[in-house]
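Below is one structure, written out as structure tokens; the observations come after it.
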Amino acid sequence: MARFKSSAWGLAVAIALVALVLPLMLPSYALATECLIFAMAALGCNLLLGRLGLLSFGQAIFFGAGAYCVGILSLRFGTGIVAGLLAATAVSALLAVAIGWLATQRTGVYLIMLTLALSQMFFFLCYAAPDVTGGDNGLMNIPRPNLAFGGHELLSLASPFAFYVFVATICTVAFYLMARLIASPFGATLEAIRDNEDRAVAIGYDTRLYKVIAFVAAGAVTGLAGGLYALALKFVPLANVDLAMSERIIVMTILGGTNALFGSMLGSIAVVVLSYVLSDIWARWQIILGALLVAVALYLRGGLASLLDKAVARANEGARP
Amino acid sequence: MTHSLPATQGPPLAVSGIEKRFDGFQALKGVSFTIEDRGVYAFIGPNGAGKTTLFNCIAGRIRPSAGEVRVAGRDITRLPSHRRVHAGLARSFQITNLFASLSVHENVRLAVQAHSPRRVVNMWRGRDTLTDVGARTDTLLARLMLTDKQAIPAGLLSHGEQRRLEIAMALAGDPRVLLLDEPTSGMGIDDIDIMTGLIAEFGKSMAVVLIEHNVRLVMKISRSITVLHRGAILRSGLPEAIAADPQVRAAYLGAAA
């Protein structure tokens, strides 16, 4: 019990520390904000891939849906920031019920193909509904409401710093909750399904139900990330629901590593910062990102997080007399 | 255990008129039998007699073309595998089938947790905090003599120990019917003796349905033996009667000699 709680708290502290240090290392709060937002998107993918072994090419559906939700509510109805983000989370979770239910009809390669197909469908659905989504142009000039409760303004989020603190808080809580989830009996069952689904059925688990619930948790946190991204950019591009967005989230997840949730934070920082630095130097910078992914797939199966593990182990060894 | 069975309204296991066709091949040609009480009930027969097909029809891995399976009076013919477990029917696998990368303790704990009524909704507690689950897990580990090995990954157990772990997991929900598919296959002589004793023990508290090639074992512990031949029941009766039956000897024992 104690260990279980402390591991979730440990992760929360680690995320908070990263959030504290990140702005010092990066040129802008905007960039640091992007790192944290995509860490949350990768966190959802990490749950599916790391705990269940499910590769979903549909994460952009949830990310995009969350972004559109906040954009539309804020733009058309002047909805507050908390209500907007809660709605984004709920809408993405509901979508995840449908996507998860459909995709988990099959396993393995066919499940991946289903998520891919659904992702493409959702993209063209958004593309073909410019009245709602702005189509190719996206939704522009989205206001970023201040943090308010019951009509009282609590905090202005207009400055990049204030918004960064807001995102960092949500990100830390999201990682904490996800850590609690995977340490729970529910999380244990997901690992059992990953290890041997046949056996999990034979001892009495409705494995599809568990998979759908995992999709919902992953969809919710990814949708929340998408909602925050809309507020960060003040713009919802169609690219949010693009297949390339799903790929980006998967690349972050695998690069960071799926053995630990913290890997999602590392993967997000690596991809966001690399694309920022390299895109200035070389227009074909994605080749380097591709090469990095190849290197991880070949030589570092645990991702960047395992590199960190090794460094810690070595430091401990060095510290011993 | 927190998991409760519906009130008993019938025999532990009743199978009637089970048929199975695979692309024109009739694997089972109307198999019917009823198990009225606890005890060990063995099914034997030469290869291709339909033993495994029958087992899979009962366990729910394949759906029979015709016929009906009832556990404690409840029709489970069309119930998915994971719900059969909760109806009181548990199974072990012929080929060892475990969560190989998880610890022995975790394998059993997961099986017990599957019968905890709060198994899905519990997203907030530590996985080791369900005390009733923990206690039941320890009992099962002790019963199958695996307490010493509980911390190591299941994949590292010896073959005999893995088969025992299989059964510990099958027993998690206190089943009325336990299906065992060749529980001693590939085992060394010492492990066979241990397993034989355990199966006889289980027969005192539940109906154990056993598919087994080891005729000596079957003769020793079975309350009744059923001989399958070419997809149908050839004979069913006490071990001594079966051993003495000329038709059985011709079809099975004779063929093996």
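Within every chain, numbering begins at 1; the chains are lettered A, B, ... in the order of the sequence lines, protein sequences first and strands thereafter.
Ring-plane geometry between A:F38 and A:Y229 is classed as perpendicular, the angle between the planes exceeding 60 degrees on a 0 to 90 degree scale with a lower cut at 30.
The most heavy-atom pairs under 4.5 Å with chain A, out of B:S101, B:A170, B:S92, come from B:S101. Between chain B and the residues A:A192, A:A202, A:A200, the most heavy-atom pairs under 4.5 angstrom are made by A:A192. Contact tally against chain B (heavy-atom pairs below 4.5 Å) for A:T207, A:L177, A:I203: the top residue is A:I203.
Of the atoms belonging to B:A90, not a single heavy atom falls under 4.5 Å from chain A. For B:R84, no part sits under 4.5 Å from any heavy atom of chain A, backbone or side chain.
Annotation for A:K211: atom NZ counts as buried by contact number, over 12 foreign heavy atoms lying within 6.0 Å.
Residues A:M178 and A:A217 share a closest heavy-atom pair of CE-O, 4.3 Å.
In summary, A:E197 and A:R208 do not engage in a salt bridge, as defined by a charged side-chain N under 4.0 Å from a carboxylate O. Look at B:R109 and B:E106 and you find a salt bridge, because one of the NZ, NE, NH1 or NH2 atoms lies within 4.0 Å of a carboxylate O, short of that distance.
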